[in-house]
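Below is one structure, written out as structure tokens, with a few remarks after it.
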Amino acid sequence: MIRPILTHPDPILREISIPVPAVTEATLALLDDMLETMYQAEGRGLAAVQIGVLQRVAVVDTDWKQGERNPLFFVNPTITWSSETMTAREEGCLSIPNQPRTVKRPERVKVSYLDRNGVDRVTELDGMLAMVIQHEIDHLDGVLILDHVTPSQPDPIT
Ligand SMILES: [Zn+2]
């Protein structure tokens, strides 16, 4: 089921989401709704808070715009390691339509999470996948791309 996506400045987007105690039928239904909503909105990632559900759940698919769907499901994702190498990329956000921002983030991260089957996993991500999962974990902590200082535009010296 496609759900409405909350947009900034909806105060719910600033809430901190709560860990999911276990992957249940309700979690799977939520993940399916989130994926359908993300594809319909033409996004590459969606956090549950963006449809008003304050659970630490995110869906990501960085491949589908190239023609092949490859959805990833993250329950309780946590970054356990970040590379020192940083990369600045332009990011869009379904909750802040048509206002992309350049955000500088670690190029590679390790993420621990539960998958759809409730199995503990650790994965190392780089490139766009690393960017998207960091963006979604920001959402789970009430952080938006607006909060990141644009590295290419330092404060002018006055
Ligand atoms: Zn977003």
Side-chain angles (χ1 to χ4, degrees), residues 1-20 23 27-66 68-83 86-116 121 123-153:
M1 186 175 67
I2 291 168
R3 312 267 204 108
I5 296 176
L6 305 181
T7 54
H8 176 73
D10 191 313
I12 291 174
L13 292 169
R14 294 309 195 169
E15 297 283 328
I16 294 175
S17 296
I18 293 163
V20 176
V23 176
T27 315
L28 297 180
L30 173 65
L31 287 168
D32 289 342
D33 282 1
M34 287 170 62
L35 196 67
E36 196 179 344
T37 302
M38 184 193 80
Y39 287 136
Q40 199 262 348
E42 301 192 346
R44 292 188 175 90
L46 190 75
V49 58
Q50 293 181 273
I51 57 166
V53 177
L54 291 172
Q55 296 184 21
R56 299 189 80 83
V57 170
V59 296
V60 174
D61 188 341
T62 58
D63 293 338
W64 73 269
K65 291 193 184 193
Q66 282 76 51
E68 190 180 339
R69 289 189 176 187
N70 186 21
L72 298 173
F73 303 92
F74 295 92
V75 176
N76 301 337
T78 307
I79 292 172
T80 58
W81 174 83
S82 307
S83 66
M86 307 283 281
T87 306
R89 284 192 171 79
E90 191 167 85
E91 297 185 19
C93 181
L94 295 176
S95 293
I96 311 169
N98 305 316
Q99 292 176 66
R101 281 244 168 169
T102 302
V103 179
K104 193 174 180 182
R105 300 185 187 273
E107 168 66 16
R108 287 186 297 139
V109 290
K110 276 186 189 159
V111 181
S112 76
Y113 64 102
L114 299 178
D115 68 12
R116 268 186 82 97
R121 300 212 176 261
T123 187
E124 187 167 335
L125 304 175
D126 63 9
M128 189 179 293
L129 264 179
M131 178 267 270
V132 175
I133 193 62
Q134 290 177 82
H135 178 117
E136 302 315 327
I137 292 173
D138 272 358
H139 273 302
L140 304 181
D141 293 321
V143 173
L144 300 173
I145 51 174
L146 305 173
D147 306 330
H148 287 269
V149 176
T150 305
S152 56
Q153 295 172 356

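For ligands, and for the atoms within them, numbers begin at 1 and follow the listed sequence. Quick caveat: nothing in here was measured; it's all calculated off a predicted structure.
Remark: His8 NE2 to Gln50 CD distance equals 13.0 Å, nearest 0.5 Å. Going from atom CD1 of Ile79 over to atom CD of Gln134 covers 4.5 Å, rounded to the nearest 0.5 Å. Interatomic distance, CG of Leu72 versus CG of Leu35, reported as 9.5 Å (0.5 Å rounding).
Closer than 2.8 Å to the Zn ion (ligand 1) sit the protein N, O or S atoms Cys93 SG, His135 NE2, His139 NE2.
Within a 6.0 Å radius of CD in Glu68, other residues, nucleotides and ligands contribute 12 heavy atoms or fewer. The number of heavy-atom neighbours closer than 6.0 Å to CD1 of Ile18, taken from other residues, nucleotides and ligands shown, is 12 or below.
A side chain to side chain contact (heavy atoms under 4.5 Å, CB included) with Arg44 holds for exactly one of His135, Glu136, Met128, Glu91; it is Met128.
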